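Inspection log for the structure reproduced underneath, given as structure tokens.
The basis for the numbers below is simple: all heavy atoms, side chains too, and nothing from hydrogens, waters or symmetry mates. Naming convention: chains lettered A, B, ... in sequence-line order (proteins, then strands); numbering from 1 in each chain. All values derive from a computational prediction rather than experimental measurement.
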2 protein chains.
Amino acid sequence: MNEERKATITDVARRAGVSTATAGRVLGGYGYSSTEMKTRVQDAATALGYSPNLLARSLITGLTRTIGFVAGDIQSPFYAKILRGISDAADEAGFALLITNSDETIEREVDAIRLLREKQVDGMIVSPCDTQRSPHLRDAAAATPLVLIDRQVRGLDVDSIGVDNVEAVQTGIARLIERGHRRIGMVAELQSTRPDELATFVSGICADPATDVSTLYPSWQRLAGFVRAHTAAGVPVDLSLIAQVGDYSMEEAERQARAMLARSDRPSALFTADGLMTEGTMHAITACGLRIPDDLSLVGFDELDWMAFVSPGIDAIAQPRRLMGQRATQMLIERMDQADLAPRKLTLAARQILRGSVRTVTPTG
Amino acid sequence: MNEERKATITDVARRAGVSTATAGRVLGGYGYSSTEMKTRVQDAATALGYSPNLLARSLITGLTRTIGFVAGDIQSPFYAKILRGISDAADEAGFALLITNSDETIEREVDAIRLLREKQVDGMIVSPCDTQRSPHLRDAAAATPLVLIDRQVRGLDVDSIGVDNVEAVQTGIARLIERGHRRIGMVAELQSTRPDELATFVSGICADPATDVSTLYPSWQRLAGFVRAHTAAGVPVDLSLIAQVGDYSMEEAERQARAMLARSDRPSALFTADGLMTEGTMHAITACGLRIPDDLSLVGFDELDWMAFVSPGIDAIAQPRRLMGQRATQMLIERMDQADLAPRKLTLAARQILRGSVRTVTPTG
DNA sequence: TACTACTATGCGAACGTTCTCATAGTTCCT
DNA sequence: AGGAACTATGAGAACGTTCGCATAGTAGTA
């Protein structure tokens, strides 16, 4: 490529016949400089094709004007939309964006965060994969502005943003119950460590609607909304209608949805707890040859492109993903020069989108 | 947050009682150091919670181990998938990833590339929005390894990667013709400057199948495949069945598809030239109440999640987006220490996915 | 007039690393 | 014994900026 060394501020200064300090002031846009100097330096800079080295600047200022984003999997619509929001807000504020994906594994997340810190980012936005214990996030937060997105970490009191999953799902399920549905299935990730966790959780949440669910995984929060809607309406929850997919896998979601739909006492409606679960379930529904909404009603968490043009359209609980990314970025940037500000927990509202995938049923009795 | 200054290599050296050079050798993993020094320095480093400052390292080595990606719109499935491929390959090779989106405007692309260069990226992957004249890319390529993805720029002889759009579409359209379709519509971006460009292009391509189409926009290349399939089969092309959407907009695609489907002599099959066009067209099809494939056959360029579970499934011409990202990154990294290597133009094959959205018609007449 | 405040410029240090070079001990071969 | 060749360490320069400080001219004001 270009063999000759890139022009530095020293080269520009020499050519303009001024000190590097003056050249720096003109080109860096700080301090004082006379109009004469401005033109002389600028002319020299263009003549040499000068381009600043932001590494050097960052090294001395201690600011990189770069933020980092640790996503689960950027190719998923969920993270892609958030990323777009982050990118927009970062761009507008003059920040560059460094991204990494964790694939929801703690090892990759730890590596990603180490990298971002070593790259001296001014702040980072993380969608943490362990919400119960994350010492690396605690360390990071002590040194760098940090905003959590979609999930919160227990005992980590930092800025965060997400939607009210419990409320959003409770509203959505309440509508299904209103429309006469009594056997509602749920397909969700609901990863767990103990085998009895699901049963314990369901009865625990039923017993005490005041439980703090803020640091639960979104799918568990959504389950809480699901259960509370039942409880509020006096409809019993059939645990066997809750497909605990376990992995975050479309194939497994399809398998479990298929099993549920093959039952003689299959549910009249299904709620899917996120985009991937919805897609897996759609595969199952197609495979079983069921028609929506005649054979089965469906409500999915997260809005997906195709929901609007399949017929009938699919009802969705839509969270404002792009906005979440934007707000997260704005919070992060505000945090940078206000380290003492009390941590803010921002909760955005989800939107219920009705398109006709839910039919009214007359309860059999 | 943390008030005390971060530990530097000098701090570590002092605590270990060695020179900064030795500490650097141990912590940076270069040069010679004895086992005794290794432990002494490492102990001091952990005791101080030392974390290297990659800015300083990059400033002196001239290498950032960072690559940049300029995408059109990262939230679109197309770029998101490519991004994932890039991210994977970068990660594996120990490179960080800086992203920006151009929104397909030249101004934002210029800014993005300037930023990446100032950030001293070791190389960049760009999906250029102007394939005819891009001085900023020429400049960039002279100074930094550059790989073009999805599109090539006229007269810019650098590494690039993409699919054989002409061949892929020609195959797809040939199949439609084989199945008896004679009036095939196309919905594509096909942005143009002159009003007669479409007609000129179609007749030009018909006349000379040897024309070099490598620096055309993908949608024009796909049109070439569309036309050539017609020509090869002796089927005339009806220009009025080519919807030139102009903008890269789903709404406009829907509007134009709707208009085409409202005609009394509407086509028996539709080919949509990319994901966004396909989605706009799907909206139109649903709005017109047409059934696939009975009322209308459909083939779309680019595979989208939902195509597999709507019924019937939608036939697609799938390009290996993630692989494109990976290969692009690998090429870029190879290029970094082989600047003299001749530029490579990598062309991957697209895959025809058949799902039943095309029916066999008996030509009327 | 004298003091303050603002503007303007340059010198040299600083940011936190790695690099070059000098020095020297050890090992191995001839 | 002499000399490569390798191993090991340190001193100090270098990367390309900005920062702190010194200097000085020019207004503005008491």
Should [X] and [Y] count as an ion pair when the cut-off is N to O under 4.0 Å?
X: R108(A); Y: D111(A); answer: no
X: R151(A); Y: D130(A); answer: no
X: R327(A); Y: D159(A); answer: no

Minimum-distance nucleotide to S19(B) side chain [options: dG10(D), dT9(D), dT9(C)] =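 Comparing dG10(D), dT9(D), dT9(C) against the side chain of S19(B), the answer is dG10(D).
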message = Would you say T66(B) and K119(A) are linked by a side-chain donor-acceptor pair, where the criterion is simply a distance under 3.5 Å?
response = yes
Looking at [X] and [Y], would you say the former's side chain and the latter's main chain have a donor-acceptor pair under 3.5 Å?
X: R40(B); Y: A16(B); value: yes
X: S87(B); Y: L83(B); value: no
X: R335(A); Y: L341(A); value: yes
X: S58(A); Y: L54(A); value: yes

Inter-end axis angle, the helix from dT1(C)-dA30(D) to dT30(C)-dA1(D), with every axis fitted to five base pairs (rounded, 10 degrees) =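 Terminal axis comparison yields 40°.
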key: Separation of atom OH in Y32(B) from atom C1' in dT18(C), rounded to whole Å   = 17 Å
ask   = Rounding to a whole Å, what distance do you find between K38(B):NZ and dT7(D):P?
value =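 Atom-to-atom, K38(B) to dT7(D), this comes out as 11 Å.
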remark   = Nucleotide by nucleotide, nucleotides 12-25 of chain D touches protein heavy atoms under 4.0 Å in the pattern (B base, S sugar-phosphate only, - none) --BBBBBB------
ask   = Between T22(B) and dG10(D), does any side-chain N or O lie under 4.0 Å from OP1 or OP2?
value = yes
